[in-house]
K.L.:
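Mind having a look at this structure? Questions to follow.
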Amino acid sequence: MIESLSYASEKAGMEPGSLVHVGDVHDHVSSITVINYNGSLLEKRTLASVDEIPPYDTPETVTWVIVNGLENVSVIEAIGRHFNIHALVLEDILNTHQRPKFEEFENYLYIVFKAIALQNGDASVEYEQISLLLLNNIVFTFKEKPDDILDPIINRLNVPQSHIRSQGGDYLAYVIMDTVIDEYFALQDTFDELIETVEDELLTNPTHRTMTAIQKIKRELIFLRRSISPLREMLAAIHRSESPLLNERTQHYFTDVYDHTIRIIEALESYRDLISGMLDIYLSSISNKMNETMKVLTVFSTLFIPLTFIAGVYGMNFDYMPELRWKWGYPLLWVIFIVISGFLLMFFRKRKWL
Amino acid sequence: MIESLSYASEKAGMEPGSLVHVGDVHDHVSSITVINYNGSLLEKRTLASVDEIPPYDTPETVTWVIVNGLENVSVIEAIGRHFNIHALVLEDILNTHQRPKFEEFENYLYIVFKAIALQNGDASVEYEQISLLLLNNIVFTFKEKPDDILDPIINRLNVPQSHIRSQGGDYLAYVIMDTVIDEYFALQDTFDELIETVEDELLTNPTHRTMTAIQKIKRELIFLRRSISPLREMLAAIHRSESPLLNERTQHYFTDVYDHTIRIIEALESYRDLISGMLDIYLSSISNKMNETMKVLTVFSTLFIPLTFIAGVYGMNFDYMPELRWKWGYPLLWVIFIVISGFLLMFFRKRKWL
Amino acid sequence: MIESLSYASEKAGMEPGSLVHVGDVHDHVSSITVINYNGSLLEKRTLASVDEIPPYDTPETVTWVIVNGLENVSVIEAIGRHFNIHALVLEDILNTHQRPKFEEFENYLYIVFKAIALQNGDASVEYEQISLLLLNNIVFTFKEKPDDILDPIINRLNVPQSHIRSQGGDYLAYVIMDTVIDEYFALQDTFDELIETVEDELLTNPTHRTMTAIQKIKRELIFLRRSISPLREMLAAIHRSESPLLNERTQHYFTDVYDHTIRIIEALESYRDLISGMLDIYLSSISNKMNETMKVLTVFSTLFIPLTFIAGVYGMNFDYMPELRWKWGYPLLWVIFIVISGFLLMFFRKRKWL
Amino acid sequence: MIESLSYASEKAGMEPGSLVHVGDVHDHVSSITVINYNGSLLEKRTLASVDEIPPYDTPETVTWVIVNGLENVSVIEAIGRHFNIHALVLEDILNTHQRPKFEEFENYLYIVFKAIALQNGDASVEYEQISLLLLNNIVFTFKEKPDDILDPIINRLNVPQSHIRSQGGDYLAYVIMDTVIDEYFALQDTFDELIETVEDELLTNPTHRTMTAIQKIKRELIFLRRSISPLREMLAAIHRSESPLLNERTQHYFTDVYDHTIRIIEALESYRDLISGMLDIYLSSISNKMNETMKVLTVFSTLFIPLTFIAGVYGMNFDYMPELRWKWGYPLLWVIFIVISGFLLMFFRKRKWL
Amino acid sequence: MIESLSYASEKAGMEPGSLVHVGDVHDHVSSITVINYNGSLLEKRTLASVDEIPPYDTPETVTWVIVNGLENVSVIEAIGRHFNIHALVLEDILNTHQRPKFEEFENYLYIVFKAIALQNGDASVEYEQISLLLLNNIVFTFKEKPDDILDPIINRLNVPQSHIRSQGGDYLAYVIMDTVIDEYFALQDTFDELIETVEDELLTNPTHRTMTAIQKIKRELIFLRRSISPLREMLAAIHRSESPLLNERTQHYFTDVYDHTIRIIEALESYRDLISGMLDIYLSSISNKMNETMKVLTVFSTLFIPLTFIAGVYGMNFDYMPELRWKWGYPLLWVIFIVISGFLLMFFRKRKWL
């Protein structure tokens with residue numbers, strides 16, 4: 001399913017900063033999970049209310065708050081009130097039609113981007129908006145759905161010696177981005193396969209279905225580009241940022257994510273070029289087939305039309321037609337038929353139609 | 001209706017700064033409405049003359065002057081005289097062929113852009129030019145027509161606790177822009193639907209009407225891009241501006257409008273890509289149909305042409321044609337007819353034409 | 001007529017700065033007109049020789065020298081000598097293949113651009129090169145032909161209260177540019193009409209003539225873009241210029257010309273996009289027509305081919321053909337003819353060919 | 001074979017900096033070769049373990065360590081530990097899907113790019129990732145396969161008077177890049193030949209095979225551009241670098257490599273333009289052929305259809321058909337046949353179909 | 001002949017700076033001509049050896065050394081040794097596949113670009129690489145062939161009063177560039193004519209030959225762009241240069257060359273746009289022709305097919321066919337034939353096929 005754009009105007013006319021969830025409604029209750037850790041301790045809990053978060057806000061630990069589901073607007077509102085988040089940021093978290101961006105505020109950073117998942121076996125891409133709020137010791141993550149995309153990070157946090165346990169919230173933010181963007185490579189692999197399949201079909205036996213498949217891939221690529229290409233600009237902004245919330249050492253890691261993003265974007269560009277060439281091949285293939293059909297028709301018609309004419313001539317009922325009286329007239333005519341056919345067949349062979 | 005360009009040259013040869021309304025003439029009298037407000041008071045009045053405005057110009061309140069209709073040139077002239085507005089700005093307000101732009105003057109800012117409305121059910125876009133003059137305590141809004149596009153703002157002003165009541169003129173300017181640009185998302189939704197409809201039609205049963213619809217959408221997109229894409233540059237200019245008329249806190253709100261604009265522009269780009277792919281599909285679809293027609297013709301012709309020839313042969317009147325005398329000649333011929341047909345049908349089946 | 005490029009190489013091999021008129025030769029004698037004015041006085045004279053100009057060069061008045069026709073090279077040479085103009089500038093004035101540009105010298109500015117006129121009723125554009133030399137109190141204007149393109153300015157100068165009378169030479173230069181570039185809007189209007197006409201023709205009854213018209217418009221657009229798009233860069237250069245010859249207040253007027261130029265350039269871009277879509281429609285339209293032709297052929301052939309075969313069968317002269325002896329054989333055959341036809345017509349109707 | 005992209009996602013979900021070889025697995029054991037040289041001495045050895053490298057790290061000599069094969073992850077890990085290389089760099093060395101880039105660290109520089117080889121006789125390109133680590137006196141080169149691409153450099157090092165012997169590690173790095181990029185010109189030559197062959201085939205006798213060849217070249221060009229075009233940016237980054245590891249005199253040599261890269265990139269652009277034109281020629285060529293087929297069919301059909309009709313008329317069995325009784329009826333009919341044919345042949349000749 | 005790229009890889013694997021002539025081999029001996037001049041004296045001699053040059057190197061005169069032919073590598077080597085030229089520059093002089101560039105060294109400037117000549121009457125372009133070394137009092141010019149492209153400059157030098165005699169080496173360098181680039185306008189003229197010819201052919205009677213001509217022009221344009229477009233960047237670099245070897249007054253002359261280059265480049269862009277439109281016209285023209293062919297076939301077939309069927313019916317041999325016995329049966333049938341034909345002709349006329 002392509003990203004539903006049909007609700008883009010949902011909020012038109014509302015006061016800016018008014019909190020309404022704009023996007024597809026998923027049937028899940030919003031849940032809040034908190035993971036509090038440092039090099040030596042790790043605590044994971046599911047919270048009942050936002051009010052339980054502030055006690056975790058200590059300089060000794062990094063606190064990661066995961067909010068699954070955006071239906072429960074009051075949760076986001078409470079977080080905004082507790083941690084003094086700008087109304088427009090809260091609005092952006094709730095509106096899942098954001099393009100990836102990075103915004104810097106005095107006491108926190110806001111990062112929003114898309115997680116991408118492919119349906120099995122076809123080119124349908126599913127998008128999920130991930131919002132990050134990076135405060136001094138707390139990282140908030142807002143997700144649309146309770147899926148398992150962040151589970152590898154939680155598993156890694158469980159290992160006390162893992163690098164992530166010894167780092168701050170900015171490194172956690174990096175790990176989240178890296179994990180989500182690494183999934184894009186899976187997408188790339190699927191597209192590689194899809195395009196190869198379509199290309200094979202195209203060169204061997206193209207049908208209208210092939211054309212439809214090409215158009216479908218093209219369509220998905222257009223929407224993917226819209227979700228992925230702003231990442232380049234966003235990661236460059238993170239790189240330029242001089243916010244004290246971003247450790248200089250972590251910046252190098254973000255550069256790595258930037259490199260991955262460029263690779264994905266360039267792959268998407270390649271796909272577009274490949275796809276555009278395919279349309280031409282398809283058209284030329286149809287033309288080729290039509291030409292083949294035409295040749296069959298022409299060979300058959302051209303072969304029999306003169307013969308039928310001659311047969312017609314000797315089917316005429318004129319009183320005086322000397323040939324009809326000849327004893328060898330009929331066999332002679334067969335000879336003529338064969339000579340004419342042979343001559344025409346040679347002509348077609350010269351034209352390489354046979 | 002596309003933006004009427006036919007009057008672009010109307011003013012050619014006139015002295016620069018000469019005030020003439022250039023654009024479509026709408027049949028309304030120009031009206032002046034003033035809304036004077038601050039956190040505690042709100043007054044809304046319709047004025048008879050421009051001379052009534054200056055008393056409102058006090059630092060305690062924000063005064064919003066809405067001029068509906070540009071036919072009454074003397075109104076704009078009087079405002080220009082009273083508030084010391086540059087002749088070229090007045091000229092731009094009256095000429096509704098402006099591209100969106102932002103101009104900075106010492107004591108006021110000039111912003112011009114387009115409000116967009118869609119006719120019901122088809123791709124016809126209607127444009128209305130909105131000009132803003134942002135002075136210290138006064139915001140002038142010039143509109144072509146007395147429509148209800150700004151009504152949501154007036155409603156919000158009626159609520160004493162609304163954020164807007166506690167802010168200055170620059171925030172009002174932001175709210176106007178935001179309201180107008182939010183309408184673009186409705187446009188986006190309509191285009192989404194239109195394009196989806198056309199695409200479905202294209203893949204199932206494309207006709208010349210589909211082609212015309214595609215061309216119409218393409219045409220509207222071209223003109224839309226011309227009205228919308230300069231917004232990006234204009235909002236970047238507002239962002240760079242260091243005018244004391246723009247409060248630093250309001251700048252963040254303009255960034256939000258900028259984000260929305262980028263989203264719209266990117267959506268328009270996507271539509272263009274989608275549309276361009278459709279033309280190719282249409283062409284290939286016609287070619288496909290032609291090929292089908294050709295196959296029917298070829299199968300029929302090729303099947304009967306040799307049979308008709310043979311029938312013609314035995315319709316000849318030669319005195320000496322032994323086959324004609326055979327008792328089983330005629331039934332035998334039917335066997336031959338059937339064998340030849342069967343052979344040809346196998347040939348077509350092998351070619352996948354049947 | 002498109003801009004004649006055939007003489008582009010005329011000067012190849014000559015010494016740089018050697019003064020030869022390169023361009024189309026017009027059959028007019030070069031004439032020199034001088035208009036000397038300030039707020040209170042206005043004098044207009046036709047001069048016999050360049051030597052009469054220097055006396056006008058006083059700080060009290062603005063002197064506008066209009067040279068119509070470039071055939072008389074000695075005039076340009078004399079002006080160069082009198083006012084110390086660089087040899088390459090003189091060369092550029094005489095060579096009418098310049099692209100619009102702005103050059104800054106210590107004691108004068110050089111501006112060159114194209115005036116554009118449309119032949120009545122078709123897309124043929126005529127170009128005239130206008131060169132401006134802006135000295136301290138003198139403005140030189142060099143035109144290829146003695147047409148009336150600058151007459152509106154002269155008329156305005158006749159009015160003592162007009163703004164232009166109170167301003168300096170830089171404002172005059174602005175007014176000249178503005179007047180010439182306003183003519184571009186007339187061009188835009190003509191193209192709007194032309195394109196609309198062609199588009200209508202295309203959607204109703206496209207012929208090879210339509211195709212030729214499209215190509216002609218495309219061709220003119222290509223050459224127009226070459227003449228107009230450098231204006232953007234040139235006006236930006238004027239804007240950046242810190243020459244004391246350009247009053248700061250006049251700069252704002254040049255910004256207005258810049259805006260107009262951008263509008264024209266964007267309109268040209270739109271035309272290009274519209275035109276490119278038209279070629280596709282034309283192609284699809286031809287394909288559609290071909291398909292219609294094919295269907296007529298196929299329906300007719302397919303309907304009669306089997307019937308003709310059957311008629312052929314019963315025209316055979318076999319001695320033993322029982323059907324021929326049946327009393328109702330012939331009427332029965334007509335029933336068969338009608339049944340087969342009906343069946344085929346249903347088949348075509350199902351395929352939506354009828 | 002195009003660059004295998006199918007493993008791009010192999011590492012998804014792993015901890016950043018975790019060392020796993022990502023890429024095609026080649027069946028070779030990793031080998032470490034060290035070449036230690038200065039103006040007077042040269043020593044070349046194959047090492048058993050990374051631990052043998054540090055003793056070579058003296059300011060008197062340049063040490064070049066070549067690691068062939070990336071399967072043995074522990075070798076790269078050991079080098080990272082010994083020379084304090086960032087985990088992400090080690091990860092990049094092992095992941096052979098990198099785009100060319102240059103990264104600057106305090107005590108070393110990291111350069112990664114692709115060596116390119118062409119299979120004999122067709123457009124299949126093979127890629128090998130080359131990573132360079134430039135430390136103060138040591139240059140590490142990591143290659144995927146033990147091929148002979150760097151042999152010319154080793155041969156040159158054997159000559160005591162060669163320029164390279166008197167220079168530092170940065171010059172060695174330059175020589176490696178220069179050697180690899182010079183191979184691109186061989187690629188360019190092969191493409192020149194391939195495109196020329198295809199173009200000749202296209203203009204004389206295009207077939208579906210030609211189309212497939214064009215698409216194959218296009219595909220390879222898309223992937224080549226992805227591997228080569230980032231070199232421009234990378235060499236510009238080297239040029240801007242102020243690292244003390246890059247001698248100012250060596251910078252000029254890198255500029256030379258930059259020039260070569262631009263030439264290759266521009267050649268690739270030219271190929272793309274040439275290829276895109278070819279698809280149009282192919283389509284027009286098929287259309288031409290189809291038209292020829294159509295003409296043959298039309299000439300034959302149109303010539304015989306009226307004649308056959310006339311023969312059919314005189315084959316009718318009406319009792320009263322006076323022509324049938326005429327003595328010269330039959331010869332007269334032949335005259336009519338010939339006249340009609342002649343007339344039609346003239347008609348076709350006028351249309352230039354014969 | 002297009003620029004031979006087949007030797008691009010000739011030097012692969014050689015030591016950088018090794019001097020080998022890479023390019024087409026011309027059958028001429030390298031010759032060295034020296035022209036020594038200032039305002040009062042002029043000496044022109046052909047030298048036998050490079051050793052004769054240094055005595056000319058005096059501040060009183062400008063010395064212009066022209067080396068015709070690059071086969072004699074030792075000449076270039078000797079010049080490099082005498083005047084301390086960087087090995088890579090010498091290499092670039094000898095390798096005639098350079099793209100135009102400008103390089104600044106402490107005591108000299110290196111400029112390389114292409115002279116272009118057109119074969120008579122077709123679009124084949126010939127390239128010659130011109131290298132300039134601008135030292136303090138000496139200008140070296142290296143040419144591939146002993147042609148007469150620089151003769152106009154020598155002629156001008158012969159005139160004692162010519163501007164060039166009073167200027168330094170930088171002005172000479174400018175004059176050489178100007179002379180070579182002025183030749184490009186001749187090229188432009190030829191292309192103008194070629195394109196006009198092709199376009200006329202295209203609109204009146206396009207054949208496969210037209211298509212081939214279009215492709216040839218397209219091909220040449222691709223290679224021309226590669227040789228010419230880097231000039232823009234190179235002349236901008238000269239403009240930015242602050243080398244004491246370039247007199248400030250000469251800089252203005254280089255700006256003039258820059259303007260010419262932009263004009264050429266824009267002309268090439270226009271040609272590209274014109275050419276791309278032509279391919280579409282060609283395709284639509286073929287389609288049109290095919291449609292005409294189809295109509296002829298359809299009109300003929302459709303007209304006679306029903307008539308032939310009817311004739312077939314009355315050629316049947318049923319015993320009981322009452323119509324055959326009617327006295328007016330046969331004439332009546334002719335009436336039916338004519339009515340059917342008339343009806344069909346009207347149908348075709350309504351469809352505008354006749």
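Proteins come first, then strands; the chains are lettered A, B, ... in the order of their sequence lines, and each starts at number 1. Side chains are part of it too, since the values below use all heavy atoms of this structure and drop only hydrogens, waters and symmetry mates. From a predicted model like this one, the values you see are computed outputs, not experimental measurements.
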K.L.:
Measure up the B:Phe318 and A:Tyr330 rings against each other and bin them: parallel (under 30°), tilted (30 to 60°), perpendicular (over 60°).
P.N.:
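B:Phe318 and A:Tyr330: tilted rings.
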
K.L.:
Nearest 0.5 Å please: distance from the NE2 atom of A:His86 over to the CZ atom of B:Arg249.
P.N.:
7.0 Å

K.L.:
Heavy-atom distance under 4.5 Å to chain B: side chain of A:Asn317, backbone, both or neither?
P.N.:
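Contact with chain B involves both backbone and side-chain atoms of A:Asn317.
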
K.L.:
Any side-chain heavy atom of B:Ser287 sitting closer than 4.5 Å to one from A:Lys289?
P.N.:
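Not in contact.
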
K.L.:
So, the side chain of B:Arg263 versus the backbone of A:His97: is there a donor-acceptor pair under 3.5 Å, distance only?
P.N.:
yes

K.L.:
Can you confirm whether B:Lys352 sits close enough to A:Thr207 that some side-chain heavy atom of one is under 4.5 Å from a side-chain heavy atom of the other?
P.N.:
no

K.L.:
Contact between B:Asn288 and A:Met211 at the side-chain level, heavy atoms closer than 4.5 Å - yes or no?
P.N.:
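The answer is no, as the side chains (C-beta and beyond) never meet within the 4.5 Å cut-off.
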
K.L.:
For a quick test of reading the model, state the closest non-hydrogen atom pair linking A:Ser301 to B:Ile305 and the distance between them.
P.N.:
OG-CD1, 3.7 Å

K.L.:
Heavy atoms, side chains only, cut-off 4.5 Å: are B:Trp353 and A:Thr293 in contact?
P.N.:
yes

K.L.:
Tell me, for A:Leu307 versus chain B, whether the close heavy atoms (under 4.5 Å) come from the side chain, the backbone, both or neither.
P.N.:
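The answer is both parts of A:Leu307.
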
K.L.:
Nearest heavy-atom pair of A:Gln215 and B:Glu199: which atoms, and what distance?
P.N.:
NE2-OE2, 3.1 Å

K.L.:
Return the minimal non-hydrogen interatomic distance between B:Met316 and A:Ala311, and the atom names on each side.
P.N.:
CG-O, 3.2 Å

K.L.:
How about B:His252: does its NE2 atom have over 12 heavy atoms from other parts shown lying under 6.0 Å from it?
P.N.:
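Yes - once you tally the heavy atoms of other residues, nucleotides and ligands closer than 6.0 Å, there are more than 12.
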
K.L.:
Before giving the answer on side chain to side chain contact (heavy atoms under 4.5 Å, CB included), spell out for B:Thr298 and A:Phe300 the whole-Å C-alpha distance, their side-chain angles and the decisive distance to 0.1 Å.
P.N.:
CA-CA 9 Å; B:Thr298 305; A:Phe300 258 80; over 6 Å; no

K.L.:
Checking heavy atoms, do the side chain of A:Ile286, its backbone, both or neither come under 4.5 Å from chain B?
P.N.:
both

